[in-house]
There are 2 protein chains.
Amino acid sequence: MSAENKSPATRRHKKRTNDPEGMRKRVLDVAEASFQARGYHASSIGDLMAAAGVTGGALHHHFPTKKALALAVIEERVAAAVEETWIAPMQAAGSAREGVRTVFEAVATELERQGFVRGCQLNNLAHELSLADPDFRIALAGIFAAWRQAIADKVGADQQAGGEQGTDAQRFAALAVATYSGAMSMAKTAQDAGVLRDCLNALEQGASPTSRSGAKRRRRVLLAPRSL
Amino acid sequence: MSAENKSPATRRHKKRTNDPEGMRKRVLDVAEASFQARGYHASSIGDLMAAAGVTGGALHHHFPTKKALALAVIEERVAAAVEETWIAPMQAAGSAREGVRTVFEAVATELERQGFVRGCQLNNLAHELSLADPDFRIALAGIFAAWRQAIADKVGADQQAGGEQGTDAQRFAALAVATYSGAMSMAKTAQDAGVLRDCLNALEQGASPTSRSGAKRRRRVLLAPRSL
DNA sequence: GACAAAACAGGACAACCGGTCTGTTTTAAA
DNA sequence: TTTAAAACAGACCGGTTGTCCTGTTTTGTC
């Protein structure tokens with residue numbers, strides 16, 4: 001099966017192209033996709049090798065253990081995904097609330113377009129790996145913290161611009177992240193992205209009672225009387 | 001305790017107490033705990049057998065496959081956990097918002113008492129198994145639906161009592177469940193239940209923007225949701 | 001008591017997992 | 001050119017996985 005490359009310029013057939021960066025990227029691509037679709041434990045390195053078209057020697061050269069591979073996926077790919085879909089749009093938004101709405105709607109639209117819901121990469125791995133290994137947990141917690149901080153920073157910017165005076169930035173950020181994460185969890189389980197819009201609407205409508213127009217809006221709630 | 005020597009023969013037999021219900025319960029107990037602590041794929045049936053003190057034959061008699069065992073855990077234990085910690089307290093609460101607050105605080109207090117966060121059983125399994133098998137996904141989706149419905153029903157009851165007139169029951173329920181699920185996800189990853197209180201406070205403070213004057217509330221999402 | 005079915009014991013097994021090992025090729029510095 | 005290290009190939013191995021199988025004991029029914 002040789003005698004394929006008989007170009008006179010090439011004296012010997014180099015059937016191997018050393019491309020460490022490219023090979024590493026291919027492995028990370030496949031691992032990222034498989035971890036998302038099947039999870040960490042359900043993804044065998046044999047499957048990953050076959051899907052990426054790499055040999056065991058090559059894979060173990062770049063990632064000595066499966067844990068190292070997962071850690072690389074978390075630190076490089078999952079963090080980048082959160083950066084791309086949340087942090088950057090949030091910084092580019094006109095306000096924190098506008099940014100949250102934009103991301104929710106963009107994700108919902110994208111999910112409806114592609115027809116099925118794979119879930120949030122960060123939450124998927126966080127649930128499976130947080131208790132499995134402290135290194136995993138710390139890496140994942142860092143991404144959550146950066147995500148929340150980006151939203152809180154935007155609220156802080158809004159406040160310096162005169163808005164959001166009654167808002168606690170950290171709490172608002174926690175609520176936004178929690179709502180998104182939980183909504184994605186339900187969307188994945190129900191295979192229906194509609195719950196994302198439900199949550200966004202409920203969030204924007206305000207969670208405080210009777211915060212509708214017409215009457216004086218009373219915030220700060222705390223239910224008044226004990227009915228019943 | 002009664003008759004050890006029921007047989008006149010001197011050959012010793014292992015005294016075996018046939019207790020199908022008890023053995024089944026023991027297996028479910030161990031499986032529920034292990035799935036919660038380590039997840040489905042990371043829990044081997046060998047470990048479960050050892051922890052429950054049952055043999056392979058016994059386990060296989062009650063649960064032919066690992067999938068059947070997990071399905072039983074989901075339908076019997078996870079559903080019961082949601083019923084106990086959410087649905088029943090919600091029905092017993094004075095109002096929907098009061099019920100949500102009560103549950104959030106109760107869970108946060110309990111987590112702080114025991115010192116670490118194992119996460120929400122439903123969400124843990126939902127993330128790992130929703131895409132793994134349609135049977136898993138449907139069973140888990142049903143629990144999510146019942147959970148949301150219990151909250152929505154309470155909002156409906158509040159509305160019939162004169163309150164919550166401006167609230168969309170379904171959306172409110174989705175938001176409550178999403179917030180709890182997402183907050184638990186962060187709490188598990190950070191091993192800190194404080195985010196539960198942050199989210200609850202943000203929820204009660206109201207997420208509606210302060211500066212928005214004209215409440216242009218839209219009733220329905222326009223995008224026609226594609227099936228799936 | 002007879003007897004079929006349920007309940008349980010425990011070994012066996014093939015497939016698979018993650019990791020290691022040795023060897024070969026490519027690269028780049030000296 | 002020499003040479004050491006990096007990059008890659010591919011076989012190999014011990015342990016584990018989930019499941020199946022045969023056999024034994026208990027239970028319920030007549």
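Predicted, not measured: the structure shown is a model, and the values here were computed from it.
- In the set D:dG10, C:dT27, C:dA7, D:dG10 carries the atom at the smallest distance from any side-chain atom of A:Thr55.
- Residues from residues 29-49 of chain B that place a heavy atom under 4.0 Å from any atom of DNA chain D, listed by number: B:Ser43, B:Ser44, B:Ile45.
- At whole-Å resolution of the value, CE in B:Met23 and P in D:dT26 are 13 Å apart.
- The nearest whole Å value for the distance from the CG atom in B:Leu69 to the P atom in D:dG18 is 10 Å.
- Considering CZ of A:Phe104 and CE of A:Met184, their distance stands at 9.5 Å, rounded to 0.5 Å.
- Per the geometry, CG belonging to A:Asn18 stands 4 Å off C1' belonging to C:dT26, to the nearest Å.
- Under the 4.5 Å side-chain criterion, counting only non-hydrogen atoms from C-beta, B:Leu131 is in contact with A:Lys188.
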Contacts table for residues 171-181 of chain A: side-chain donor-acceptor under 3.5 angstrom, sequence neighbours left out:
unit_1	atom_1	unit_2	atom_2	d
A:Thr179	OG1	A:Leu175	O	2.7
A:Ser181	OG	A:Asn123	ND2	2.9
A:Ser181	OG	A:Val177	O	2.9

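- Contacts between residues 57-66 of chain A and DNA chain C, defined by a heavy-atom separation under 4.0 Å, are made by A:His60, A:Thr65, A:Lys66.
- In this structure, B:His127 has its ring center closer than 6.0 angstrom to the ring center of A:His127.
- Atom CD of B:Glu21 is separated from atom C1' of C:dC8 by 16 Å (rounded to the nearest Å).
- Between A:Ser95 and A:Arg101, the side chains place no donor N or O within less than 3.5 Å of an acceptor N or O (distance only, hydrogens not considered).
- A distance of 9.5 Å separates CD of B:Glu75 from CG of B:Leu140, quoted to the nearest 0.5 Å.
- For the pair A:Gln91 (side chain) and A:Lys154 (backbone), a donor-acceptor distance under 3.5 Å is absent.
- Atom-to-atom distance recorded for A:Ser34:OG and A:Ile45:CD1 is 12.0 Å, nearest 0.5 angstrom.
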